[in-house]
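Per chain, numbering begins at 1; letters A, B, ... match sequence-line order. Please read all numbers here as calculations on a predicted model, not as lab measurements.
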Amino acid sequence: MPNRVFIIGSVFLLVWRRRGAYLTARHFPRGALMIRWSQQLIPTLREAPAEAEIPSHQLMLRAGLIRKLAGGLYTFLPLGHRALRKVEQIVREEMDRAGALEVLMPAMHPQELWEQTGRFGVLKEVMFKIKDRQERNLVLGPTHEEVVTDLVAHEVQSYRQLPINLYQIQTKFRDEIRPRFGLMRAKEFIMKDAYSFDMNLEGVERSYRAMYTAYERIFKRAGLRTKAVEADTGAMGGSASHEFMVLADAGEDGVIECDACAYAANLERAEGVGRGEKVFADADKTPAVVATPNRKTITGVATFFQTTPARLIKTLIYLADEKPVAVLVPGDREVNEIKLKRALKCAALALADDVMISKVTGAPVGFAGPVGLTIPVIADEKLQGYRGAITGANQADAHLVNVDLARDAQVGTWGDLSNANAGDGCPRCGQGQLVAKRGIEVGHVFKLGTKYSEALGAGYLDPDGQRKIAIMGCYGIGVTRTLQSVIEQSHDANGIVWPISIAPYQVEVLPINVAHGPTMEAALKIAAELEAAGFDVLFDDRDERPGVKFKDADLLGLPIRVNVGEKGLAKGVLEIKLRHTGEMRTAAPEQAFAAVQAAAAELRQAVTPA
RNA sequence: CGGGGCGUAGCUCAGCCUGGUAGAGCACUGGUUUUGGGAGCCAGUUGUCGUAGGUUCAAAUCCUAUCGCCCCGACCA
């Protein structure tokens, strides 16, 4: 090795010129993976394009990882592609480790298959629909329950073939209502989806646990801090499910967690125990109308009465399957439409428009109340026992005080209809307080049951020769979203801070002045040594000012940087700079390789599962 | 789909209100000085002003339509 490096350095020096200096392939080890910046496509941007709002999206564009083709459609440039491949590889290794089998299913499906499970009707809005030349209806798969279940229905006959878990890493297509935040919500994205088939509930539990554990390992290895939360099952159907959330301000989901116990849930399903008072002043008096000109909002009314929003009863008119219903929640809470939909057992749910509201309440928007309504009334259970409350009076510019909900209104149904609030009591331990955060959903595990296996005939013969239906689970990871989440969670003012496990390159070698022979000789030597030891090395051979190269290095965020410059060489050292701490270490050229190895070992510790 | 905003150079944006024939910074090319945190000077390149139509002697600017993009809501990995 040292000989080869010497030869490389010598050849290099021979051809070196003071001006217009260049390196060609023959100056680098044959078959080397070491990449010269000048030969790569790394279009860094000094400023963030206006289209990008959140840090990870801006940085992916600025660091030259991705470029947009159209809304929700992105090209992965070489650097982004390398990182993506590394994430995929981690996913693959952990799925294999958990015993899942990799397959690759078509992205294009016959529409008929979706009609068999009844999901064409449910998902047709999000599916891209195409026709072939025979006018056959095809869809681009937004997910693959139908296809995998069809496969298993054909290929699995016996209990001896079960359990089985099939997975793929593949592109999904969803006609998103609103693509946003770069790869976070795209029309086309890469997903790892796995589907387990079991014979009984114990088997399902085992499969579910195996995936849950695999997910913890995957995200740890990818350098992500995630939180598993209880989740709503949504359009998938099924019983239990957990989402793996990356806590981040840019997250699209609300996450509620307890500060005392392990309880954590998606806001969509989180329960909160109200701790506020329910009996207010003048609780025993009869309702009275008070003029409240132009006080249409909760805060406006609360200010008018010099009281807290919690004393108000918020009354919203919804149309549930086209029929009006009044929904009551405490004034300091939001209606949770997912919970409401479940409580009403309806398919379509929407807020009523102004016309409908005045027709139903006899008052303009902002003055609705439960007293005297003739439409069905459903109330949040946190309103149980509300007395001395304030509501709209169902007439313009007026509210009703001293309302005793049980005495004065006809509540048809009670249920959990509102969002948990920060500060609520924990429904599990009863001790802690709930805290509200934002999260990005990067993974989701479901127990599906037999919805698909039954519809598509995925069954087997048990040892007694009885025909049984397989019980399914499904497990998704948004691979492209995971990649961007890492950046969202790991960056600073200067750029990306890659975990070593998924960094496009592990080491950047940065010769400060490429026109200085000894600098280049030393830089090539350490780069070649690292390369030979299996490191992915990016060699910044650009004839740029040091400041430019340093700024770009920080922006790219490769975990270990080796600076080679005249000042260091004069002191007999190379500099090894760690991106995540900013720590600068120095080592003599012959010790530099060992120093990088040591740094890499430290960085790998941080992404090694327990 | 509802609400809001924006389309002018590769990027960030000014010009539009009050019409007169397109600009700045960065980037890019060449030269030169410089060389440890986005350099200085000199010279230069870059535009169907998103598209189509209309008003006008004259349209980036006014009007209409259309396409695209971004943000807020319902959907989800």
> Can you find an N or O donor on one side and an acceptor on the other, under 3.5 Å apart, linking the side chain of A/R185 with the base of B/C75?
Replying inline: yes

> Hey, does A/K68 reach any base, or is it just sugar-phosphate, or nothing, if we go heavy atoms under 4.0 Å?
Replying inline: sugar-phosphate

>> Does A/D253 reach a base, just sugar-phosphate, or nothing at all? Heavy atoms under 4.0 Å.
In response: base

> What is the nucleic acid contact for A/R561, judged by heavy atoms within less than 4.0 Å: base, sugar-phosphate only, or nothing?
Replying inline: base

>> Just to be sure I understand the rule, does A/E176 reach a base, reach only the sugar-phosphate, or reach nothing, if contact means heavy atoms closer than 4.0 Å?
In response: base

> Do you know the tightest heavy-atom contact between A/I357 and A/V365?
Replying inline: CD1-CG2, 3.8 Å

> If you check the A/R62 side chain, which of B/A74, B/U12, B/G38 turns out closest?
Replying inline: B/G38

>> Under 4.0 Å, heavy atoms only, any strand: does A/G443 hit a base, just the sugar-phosphate, or nothing?
In response: sugar-phosphate

> Does A/F189 lie flat on the base of B/A77, that is, centres under 5.5 Å apart and planes under 30° off?
Replying inline: yes

> Any N or O donor-acceptor pair linking the side chain of A/R46 to the base of B/U12 at under 3.5 Å?
Replying inline: no

> Can you tell which of A/E508, A/K549, A/E575 makes a side chain to side chain contact (heavy atoms under 4.5 Å, CB included) with A/N563?
Replying inline: A/E575

> Below 3.5 Å, does any donor atom in the side chain of A/E544 face an acceptor in the base of B/G38, or the other way round?
Replying inline: no

> Counting any heavy atom closer than 4.0 Å, what does A/K341 reach on the DNA or RNA strands: base, sugar-phosphate only, or nothing?
Replying inline: nothing

>> Need one value for A/A570: base, sugar-phosphate or nothing, where a base atom within 4.0 Å counts as base even if backbone is also close, heavy atoms only.
In response: nothing

> Contact class for A/V548 (heavy atom, under 4.0 Å): base, sugar-phosphate, or nothing?
Replying inline: base

> Does A/D552 make a side-chain donor-acceptor contact with the base of B/G38, cut-off 3.5 Å?
Replying inline: yes

